[in-house]
Protein chains: 2
Amino acid sequence: MEMAERAPVSGAGAAVEPAGGASRPGGAAKRPGTRGRATASMADVARLAGVSSQTVSRVSNGYAGVNEETRRQVLAAMKELGYRPNSAARALKRGEFRTIGVITFTLSTTGNVRTLEAIATSAAAEGYAVTLLPVAVPTQDEVRGAFSRLEELAVDAVIVIMEVHLLDAATVILPPHVQVVVVDSDAGDRYTVVDTDQAGGTRTAVQHLLGLGHRTVWHLGGPEDSFAAQRRADAWREALVEAGRTPPPLVRGDWSAESGYHAGLELAAREDCTAVFAANDQMALGLLRALHERGRRVPEDVSVIGFDDIPEAGSFLPPLTTLHQDFAEVGRLCVQAVLRKMRRNDPEHGTTLVPTRLVHRESTAPPPEAR
Amino acid sequence: MEMAERAPVSGAGAAVEPAGGASRPGGAAKRPGTRGRATASMADVARLAGVSSQTVSRVSNGYAGVNEETRRQVLAAMKELGYRPNSAARALKRGEFRTIGVITFTLSTTGNVRTLEAIATSAAAEGYAVTLLPVAVPTQDEVRGAFSRLEELAVDAVIVIMEVHLLDAATVILPPHVQVVVVDSDAGDRYTVVDTDQAGGTRTAVQHLLGLGHRTVWHLGGPEDSFAAQRRADAWREALVEAGRTPPPLVRGDWSAESGYHAGLELAAREDCTAVFAANDQMALGLLRALHERGRRVPEDVSVIGFDDIPEAGSFLPPLTTLHQDFAEVGRLCVQAVLRKMRRNDPEHGTTLVPTRLVHRESTAPPPEAR
DNA sequence: GTGGCTGATGTTTGCGTAAACATCGTGGCG
DNA sequence: CGCCACGATGTTTACGCAAACATCAGCCAC
């Protein structure tokens with residue numbers, strides 16, 4: 001921090017030549033491709049300040065027992081040389097990297113991205129960096145590969161934003177000292193989990209529509225291999241049964257707007273379908289298009305409710321009533337949880353659910369027959 | 001890789017106690033909170049395999065000159081102890097971290113996210129990890145803070161996904177040995193830049209609409225402080241002037257669908273507006289809603305073209321004609337460029353533009369008067 | 001046969017940092 | 001007055017790894 005305003009690029013390390021060149025046999029030009037200008041080390045700073053390197057270390061780490069005058073000199077020397085602690089050496093010495101690894105299957109869903117962003121922000125606030133490990137194709141080998149790399153990588157803990165069953169085969173190679181927190185799954189018995197309250201949100205959605213007078217609620221679900229989708233579908237069914245209604249057949253999409261459109265064409269053909277709960281906003285978007293094309297008005301003929309509350313949801317035609325997921329909170333809690341586990345070396349698993357919030361816009365209304 | 005299928009969690013390091021405990025004075029329980037079970041080091045493996053630690057190193061790094069029999073023994077010992085190279089020590093010794101830092105202002109735009117994803121994937125393919133540094137609020141202090149951290153952080157190079165003018169004040173503290181590549185800017189004279197060909201794409205959009213017979217093309221631009229927006233606006237104006245048309249007044253949004261809606265209400269009121277080029281798809285979405293609400297049909301009365309080709313664009317009402325940005329390619333080229341610069345220690349700046357592609361859907365048509 | 005060469009392996013050393021321990025004044029107190 | 005506690009600083013050492021150099025056996029050529 002203190003050296004934030006040192007000289008611009010080429011002027012760095014101007015006055016004193018950091019040790020190197022002749023004196024160090026092998027290690028002069030460290031950074032590959034750095035024209036021999038090694039970065040200043042603690043020893044260089046110590047020499048310039050006329051103290052021992054240990055004193056530099058003490059200043060660098062903010063220890064109390066350093067004379068004010070000495071401290072000033074050291075800081076001055078640091079500034080002059082543009083000294084930056086070498087994090088590799090630090091990590092080696094301390095045995096921790098101050099880095100959290102995030103493994104994720106894809107960044108193409110809003111949820112994953114927003115969660116990741118929140119994780120990065122929270123981690124930064126705690127002095128941790130975030131290393132990203134995306135897994136392009138979700139074969140088990142891929143996942144395993146990613147984790148293999150993560151282990152050799154400099155991470156103290158791992159947050160997984162991914163359907164947990166993709167992780168199962170990889171579990172065995174998690175090194176015992178790395179704590180893991182998982183998002184987006186219901187594997188609370190085997191992992192520490194932080195997630196949106198899928199079931200609660202779904203119940204809210206269903207009850208909202210029933211409350212408007214709809215006889216039952218159709219569900220445009222996510223793909224079969226997604227636990228989150230499964231969970232929402234289960235909760236939808238339960239909520240209907242609890243209310244004494246008969247759940248209509250489940251219609252599936254794959255989270256994409258396109259798949260929502262296709263499913264929507266089916267639903268539009270059913271006269272008895274007056275209310276649809278879509279498992280995410282993208283599919284709801286496609287659904288809206290299909291209903292529009294088939295002349296079914298929303299919300300007059302059919303009510304639609306989404307899940308996620310993506311930023312665009314308020315601009316759909318009509319603006320979409322949906323369940324807001326607080327991804328920022330999920331990300332924040334992930335970091336909290338993983339750091340707590342790390343610090344306490346806590347092997348216990350816990351599940352933290354973040355509630356959703358119903359955002360009432362213009363895509364839901366009482367059914368035609370109730371008017 | 002060889003140790004991918006070693007024993008599950010608790011069985012790690014079963015047979016041989018890695019050195020530690022009594023023999024090492026200070027360094028027994030390294031990882032904080034690890035109940036004293038230190039991870040195995042090269043020395044431990046060497047002891048078990050009955051070779052020197054250097055031979056272990058050679059096996060670990062795949063050097064040729066190791067006897068096949070010896071190699072097998074070492075690999076077996078590694079497996080038994082669950083040995084993983086310590087990346088901190090490796091980084092310290094080698095003087096590089098095999099990590100690229102990505103600094104970005106926000107992950108709420110599709111472009112940034114997709115670019116980031118491509119960067120992470122490409123970097124992984126090159127054996128590099130990606131460390132993420134989001135800057136929540138774009139004040140200069142924030143940016144500076146992020147870079148400060150990056151320097152102490154373990155990165156060999158930096159990719160910036162951010163309007164470059166936000167970076168200017170921070171530049172001075174970039175350490176001289178870190179190569180930088182910037183996305184999303186036109187600062188080719190000061191940085192190496194990889195970006196979508198904004199101007200080319202814009203020209204394509206304008207020409208497409210003029211080609212359909214529209215007298216002129218309106219522009220729903222991005223915020224004033226965005227270079228990308230500025231660039232698209234400039235190119236739009238130029239393309240019109242080149243074609244001998246008079247550019248109508250510029251209407252601005254802030255990239256959001258909401259802002260597109262508000263701007264759209266204005267545009268909908270102008271009878272002479274028959275074609276709009278929106279600077280991104282989100283704003284186009286809002287624009288579509290506004291036009292719909294005001295009874296202006298798309299594309300019969302007004303043609304709309306977007307920019308980005310977000311996944312949802314094909315599900316808009318109507319499906320949006322837009323310019324596809326190849327973010328994956330941008331990300332890939334970023335990694336290529338920054339690694340090349342690193343390896344050659346290349347101080348030269350270059351600009352790489354990735355072309356766009358017109359995706360023709362249903363939101364554009366000839367103007368009413370041409371029919 | 002002996003010198004040199006090659007391939008396989010061991011030994012030494014140092015990367016930059018920070019804990020542990022050592023030293024060295026100074027001042028307070030018995 | 002001398003001893004000791006204490007604050008400030010210096011010295012040693014080890015973190016884990018991998019270059020550089022050293023060693024050593026076997027083998028070929030002259």
Side-chain angles (χ1 to χ4, degrees), chain A residues 18-20 23-32 34 38-47 49-74 78 81 83-98 152 154, chain B residues 18-20 23-32 34 38-47 49-74 78 81 83-98 152 154:
Chain A
S23 64
R24 283 189 207 156
K30 281 316 302 289
R31 317 273 165 183
T34 309
T39 61
S41 74
M42 280 200 343
D44 300 320
V45 175
R47 203 168 309 122
V51 298
S52 77
S53 63
Q54 185 53 35
T55 299
V56 177
S57 170
R58 284 191 263 254
V59 172
S60 175
N61 291 306
Y63 274 88
V66 178
N67 187 298
E68 196 46 47
E69 174 60 20
T70 312
R71 172 190 302 281
R72 255 199 302 278
Q73 282 180 338
V74 170
M78 280 179 171
L81 295 178
Y83 169 77
R84 302 274 160 182
N86 177 316
S87 48
R90 218 170 231 194
L92 174 58
K93 185 69 179 141
R94 300 213 269 228
E96 60 162 11
F97 301 98
R98 306 221 116 226
E152 300 195 15
Chain B
S23 64
R24 284 190 206 152
K30 281 316 303 288
R31 318 275 166 184
T34 310
T39 61
S41 75
M42 278 201 342
D44 300 320
V45 175
R47 203 168 308 120
V51 297
S52 76
S53 64
Q54 184 55 34
T55 298
V56 176
S57 170
R58 284 191 264 254
V59 171
S60 175
N61 291 306
Y63 274 88
V66 178
N67 187 298
E68 195 46 47
E69 175 58 21
T70 314
R71 173 191 302 288
R72 256 198 303 277
Q73 282 181 338
V74 171
M78 281 178 170
L81 295 178
Y83 168 77
R84 301 276 159 180
N86 178 316
S87 49
R90 220 169 230 195
L92 175 58
K93 181 69 178 146
R94 301 214 269 228
E96 59 162 12
F97 301 99
R98 307 221 116 226
E152 300 194 17

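Each chain gets a letter, A, B and so on, in the order its sequence line appears, and its residues count up from 1.
- Within the structure, every side-chain polar atom (N or O) of A/R94 is placed at least 4.0 Å from both OP1 and OP2 of D/dC15.
- Considering only side-chain N and O atoms, B/Y63 lies nowhere under 4.0 angstrom from the phosphate OP1 or OP2 of C/dG7.
- Rounded to an integer number of Å, the gap from CD of A/Q54 to P of C/dA19 is 7 Å.
- As rounded to whole Å, 14 Å separates atom C1' of D/dA14 from atom CE of A/M42.
- Minimum interatomic distance between B/A88 and A/F97 (heavy atoms only, all atoms of both residues): CB-CE2, 3.4 Å.
- In this structure, B/D44 atom CG and D/dC17 atom C1' are separated by 13 Å, rounded to whole Å.
- Residue-level contact check: B/T55 touches the backbone only, with heavy atoms under 4.0 Å from sugar-phosphate atoms and none from bases.
- Using a 4.0 Å heavy-atom criterion, one finds that A/T70 contacts the sugar-phosphate atoms exclusively.
- The side chain of A/N86 places no N or O atom within less than 4.0 Å of a non-bridging phosphate oxygen (OP1 or OP2) of C/dC15.
- Counting heavy atoms from C-beta on, the side chains of A/Q73 and A/N67 never come closer than 4.5 Å.
- For the pair B/N61 CG and D/dG16 C1', the interatomic distance rounds to 12 Å; values are reported in whole Å.
- Side chains of A/S60 and A/R90: a donor on one and an acceptor on the other come within 3.5 Å.
- Neither OP1 nor OP2 of C/dG16 sits under 4.0 Å from any side-chain N or O of A/R90.
- Taking the side chain as every heavy atom from C-beta outward, B/V56 and B/M78 approach each other to under 4.5 Å.
- A donor N or O paired with an acceptor N or O is found under 3.5 Å between the base of C/dG10 and the side-chain atoms of B/R58.
- Per the geometry, CG belonging to A/L92 stands 11 Å off P belonging to C/dA18, to the nearest Å.
- The CD atom of B/Q73 sits 14 Å away from the C1' atom of C/dA8 (whole-angstrom rounding).
- Atom pair A/R47:CZ and C/dG16:P shows a separation of 11 Å (rounding to whole Å applied).
- Nucleic acid contact class of A/V51 (heavy atoms, under 4.0 Å, all strands): sugar-phosphate only.
- Rounded to a whole Å, the CG atom of B/N67 is 14 Å from the C1' atom of D/dG26.
- If B/S60 and A/E68 are placed on DNA chain D by their nearest nucleotide, the residue sitting closer to the 5' end is A/E68.
- Mapping B/A89 and B/V66 onto DNA chain C by nearest heavy atom places B/V66 closer to the 5' end of the strand.
- Counting heavy atoms from C-beta outward, A/K93 and A/S57 have side chains that stay 4.5 Å or more apart.
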